Amino acid sequence: MLDKTYDPKEIEARRYPEWEKAGAFRAHPESPKQPYCIVIPPPNVTGSLHMGHALDNTLQDVLIRWRRMKGDDVLWQPGTDHAGIATQMVVVRNLEQEGIGLAVEGAVKGDANKKLLNREEFLAKVWEWKAYSGGTITSQLRRLGASCDWSRERFTMDEGLSRSVLKVFVDLYKAGLIYKDNRLVNWDPKMLTAISDLEVESREVKGHLWYFKYPIDGSDEHIIVATTRPETMLGDTGIAVHPDDPKWKHLIGKHAILPLVGRRIAIVADEYSDPEKGSGAVKITPAHDFNDFEVGRRHQLDAINIFDKFARVNENAPEKYRGLDRFDARKKIVAEMEELGLVEKIEPHAHAVPYGDRGGVPVEPYLTEQWYADAKKLAEAPIAAARDGRVKFVPERGRDDFFRWMESIEPWCVSRQLWWGHQIPAWYGPDKKVFVALSEEEAKAEARAHYGKDVALERDPDVLDTWFSSALWPFSTLGWPDKTPELAKYYPTSVLVTAPDILFFWVARMMMMGMQFMGDVPFRTVYLHGLVTDEKGQKMSKSKGNVIDPLELIDKYGADALRFTMTSLAAPQAGRLRLATSKVEGSRNFATKLWNATRFAEMNGAALPEGFDPASAKLTVNKWMLGELARANLAIDKALTEFRLNEAANTLYEFIWGVVCDWYVELTKPILQGADGPEKDETRAVTAFVLRETVKLLHPVMPFITEELWDKLGHRAHHGALIGQPWPVPTAVDAAADAEMGWLVKLIQDIRSARAELNVPAGAKLKLLVIGGNDTTKGRLETHRAAIERLARIEGVEAATSAPKASLQLVIGEATYALPVGEVIDLKAESARLQKEIKKLADEIGKIDSKLGNAAFVSRAPEEVVEEQRERRSQAEQTKVRLSTALERLGG
RNA sequence: GGGCGCGUAGCUCAGCGGUAGAGCACUGUCUUGACAUGGCAGUGGCCACAGGUUCGAUCCCUGUCGCGCCCA
């Protein structure tokens, strides 16, 4: 006997290890079954599960479990990402608390006693940290129920994947697709590394707009430039004005003298400057602004780098500013300009400032030499693949975003000045000649060939952008560059499930690398889901304090409840998924509901006889139930095929709660609790059958409770675990049974509704008189008498020729039903109720008449639509007439 | 400023040209032998606004207003 309520905690803790031990998650590359593969978006190895993971992995697991039951050979490839900058930052912060720093060249000298770690020592600490916290996220994924093939777990810095990374770098270098270049990068002066455009987030900042006067050379005139960053004036090498700007046009070709510095700088005409903005003249600092860099290049202006890597003023600036932090330099410069009377005005100004998303400080556009991948070239094949449909996007608009990004792509800066990551396989000779090779030995051999002797080589200290290794994930995890059976079978993978915020970071780069090294797309479909936010639609963040911890929800409501909630929220077009705990609570209640329906079945001896054939069912209610099951089955398959996981969840909810519990269980109570016999046997069998199929259909979304119920229902003993069962095949729907049950449900609902409206005491049992019922109706009333009596609180069903005066009257189809209520009834209320019904019908008839009265409608609308309207009109008319008769009778 | 998306019940959202839906909240009622984490019955909508296409528009198109997100 099942307990009264479902206890997720105990069951989840038991079921998961059971599956894992039994090898239920294992892929079978050797099997002839069709492959279905998803690679997990690898979470940060030292991270922990947040709501985004919960959503993403729930959706993946739903698909994976469904396809597994469908009979595919399923591989859900798990693993974690070393997350270079994020992990390094965490470890640095931890070390700082112990008073340990990094021995970074040029660092500010603080406490002389501070212990400083060199690269090797630091990396040892990171690996230590990984060993300590690396299991957290995977154990949390297990708690969610994720059925990954853990025997194949990978890590972006494990030996195999590192080998893939080296090979890709070397091959791309040899193909000319990776090169060194001196360009402006986004420099993070806190992390001391270049970061990519994608790692920059712009924040709205309330700053100022300073209007500075620069004297014109050989004149008393000044030109006024407006800037949000006064400190960069130390690197100004020009001033741009719009060629048609009447205010400054006359100065084009002249020169200004840069205050504080004394440099003579050119005034050039460039459409970049907007006469409407600021003063209309823009100071140009090519080395510290991306737009200025372009302007500078157009007009051959020098690019003078005025900062060091900490964003302190360097030796290219006048001595008195050297060593100042950029913000201190700003204050000093503004003060001095004011003293010189060169500040025209200062306006408050809100503008976007680029921040490093990790370091959290404003990034500095900075001129450095870095390694770049030729993204433009690499993007060609992915663009073509997306265009010709080799890769599909769900929802489709993801494809447009993809194109927009890919078609305007900039060189990808792949080097990072960090220690944690894949060190770039490049070695430099004494003359700085570079040798790129898979190993130091190979590099040495190349160097020997080049120099004609052995020379000392120095390895490039930089590491690769984290996304470089994750770009290889769909094939590196399958064993590439070796030709493994896994690679042959599972590549291209079936679908990639992820949030759109890493479409460019990750999806685009996997496409590039997949096309380049595998010659095919990495996945057939990209399924992009929305972002989980709090109830108010706010992004969850620690600083806002609105973070909901998925594990707390699992603890409180169970993993299945969280999974069901996530699935039902995941409408493909929804950008934001607002998570309210009330929803999770509702999902928990849903689990309880199913649990209790099963408990009811168990109490009533539901059992599946050997070789039971659902097609053999004879009772209408059972035939109808089986048809509803088939309908749900079809709808779920369709929804999952189309990645409308929310619809699958909603179908399950409505089917289990609205059909099975609300109607089937209630309708069959009289049979199950009545006399023994073939009807009871059949109903017990169908109940057991429906529950068995239901737990299968629900399993992908709620794996724990369904596995438990499957076991409790006794199927596990015969067929093994639910996770490995074949997916149900829908049977036929019996239209006649459908019609009959539709009638029955309406009869019961109408009686209940009338009773409630007339305040008939809930406990009062009424007689049901049938007036004008045809033989079909009479037969149905007899068939379902017990159910009607129970569910509508009726005692006795009889034929009659007319309704007694004091009675409730209903019209369904050709028959009128009267429920004599004697003293209880309020005649006025009943009269009002009937009149309301009549008015509703009259309104409907009026609407239909205006349609049918429209000649264009009758001639142009499809025949069946017109016919349907006529049919509805006729039904409404008949019902209205009968209700009017009933009303007259009442009025007497 | 450019691109994209969204405005449907009090709230959160489904709705794929032909009878406006769900969950939560709310009201009334019921401790009926599965379930009060429940049952039954209800209340509540000019489907943002204005045009257009169509026999017919919540749905397709255009514009306006409001709100988000991404990119400058």
Side-chain angles (χ1 to χ4, degrees), chain A residues 1-2 4-6 197-198 200-202 274 276-277 290-291 351-352 354 395 397-398 400-401 404-405 408 500-501 503-504 530-531 533 535-539 557-558 561 565 568-583 585-604 606 638 642 644 646-647 649-650 653-654 657-658 661-662 665-666 669 672-673 748-763 790-793 844 847-848 850-862 864-866 868-869 872 876:
Chain A
M1 174 78 159
L2 258 47
K4 200 168 167 182
T5 50
Y6 167 61
D197 296 349
L198 295 171
V200 174
E201 56 178 32
S202 54
D274 179 354
E276 306 295 314
K277 260 163 106 181
F290 287 95
N291 290 313
H351 60 120
R397 84 179 106 87
D400 298 332
D401 292 338
R404 244 189 303 286
W405 163 253
S408 61
D501 56 350
L503 182 64
F504 308 136
L531 230 56
T533 68
E535 231 166 321
K536 289 176 231 141
Q538 302 265 326
K539 238 182 194 173
Y557 301 106
T565 305
S568 63
L569 285 174
Q573 73 283 13
R576 282 184 301 187
L577 313 183
R578 294 183 210 229
L579 179 70
T581 48
S582 64
K583 286 211 171 93
E585 202 177 307
S587 304
R588 186 271 319 265
N589 296 352
F590 175 55
T592 309
K593 189 75 182 176
L594 173 66
W595 183 263
N596 276 290
T598 311
R599 185 161 172 265
F600 166 82
E602 189 186 39
M603 288 167 68
N604 285 278
K638 184 165 187 287
E642 295 168 357
R644 299 145 93 96
N646 60 319
E647 276 184 27
N650 294 340
Y653 190 93
E654 173 53 29
W657 202 314
C661 295
D662 287 351
V665 164
E666 295 302 328
K669 271 179 183 171
L672 292 174
Q673 292 164 5
I748 293 167
Q749 283 178 329
D750 283 1
I751 296 172
R752 284 170 170 172
S753 178
R755 288 177 59 125
E757 220 165 315
L758 272 287
N759 293 316
V760 176
R790 181 183 181 109
L791 300 186
R793 306 242 124 190
E844 193 186 338
K847 252 197 213 162
I848 297 174
S850 72
K851 265 191 189 180
L852 290 171
N854 180 351
F857 173 71
V858 180
S859 64
R860 298 212 193 174
E864 62 269 24
V865 172
V866 178
E868 194 198 329
Q869 294 295 323
R872 261 170 47 198

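Model, not experiment: these values are computed from the prediction. Chain identifiers are assigned alphabetically (A, B, ...) following the order of the sequence lines, protein sequences preceding nucleic acid strands; residue numbering begins at 1 within each chain.
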For nucleotides 52-61 of chain B, list the nitrogen or oxygen atoms of the protein found under 3.5 Å from its nitrogen or oxygen atoms, one pair per line.
from	atom 1	to	atom 2	distance (Å)
B:C55	OP1	A:R860	NE	3.4
B:C55	OP1	A:R860	NH1	2.1
B:C55	OP2	A:R860	NH1	3.3
B:C55	O4'	A:A856	O	3.4
B:C55	O2'	A:N854	ND2	3.0

Is the shortest distance from a Lys or Arg side-chain nitrogen in A:E844 or A:R872 to a carboxylate oxygen in the other one below 4.0 Å? yes

Regarding A:R404 and A:D401, does a basic nitrogen lie under 4.0 Å from an acidic carboxylate oxygen? yes

When you get a sec, tell me which of [options] is the closest nucleotide to the side chain of [X]?
X      : options             : result
A:N646 : B:G39, B:A14, B:C4  : B:A14
A:R404 : B:A34, B:G5, B:G3   : B:G3
A:N589 : B:G23, B:G18, B:G38 : B:G38
A:A762 : B:G18, B:U29, B:A34 : B:U29
A:D662 : B:C40, B:A36, B:U19 : B:C40
A:K583 : B:U12, B:U37, B:C35 : B:U12
A:E844 : B:G38, B:U19, B:A41 : B:U19
A:V665 : B:A41, B:A34, B:G5  : B:A34
A:A571 : B:A41, B:G18, B:A14 : B:A14

Within 45° cone of A:F600 ring axis and under 6.0 Å: A:K669 NZ or CZ: yes

What is the nucleic acid contact for A:S753, judged by heavy atoms within less than 4.0 Å: base, sugar-phosphate only, or nothing? sugar-phosphate

How is A:R752 classified with respect to the nucleic acid when contacts are heavy atoms under 4.0 Å: base, sugar-phosphate, or nothing? sugar-phosphate

Nearest-nucleotide wise, let me know which of A:E642 and A:A756 is further upstream toward the 5' end of RNA chain B. A:E642

Between A:N604 and A:T5, which is nearer to the 5' end of RNA chain B once each is assigned its nearest nucleotide? A:N604

Take N1-N3 plus N6-O4 or O6-N4 for Watson-Crick, N1-O2 plus O6-N3 for G-U, both under 3.5 Å. Which runs of 3 or more such pairs involve RNA chain B? B:1-7 with B:65-71, B:10-13 with B:21-24, B:26-30 with B:38-42, B:48-52 with B:60-64

Looking at A:K4 and B:A36, is any side-chain donor or acceptor paired with a base atom of the opposite kind under 3.5 Å? no

Presence of donor-acceptor pair under 3.5 Å, side chain of A:E666 and base of B:A34: yes

It should be established whether A:W657 places a side-chain nitrogen or oxygen under 4.0 Å from OP1 or OP2 of nucleotide B:U37. no

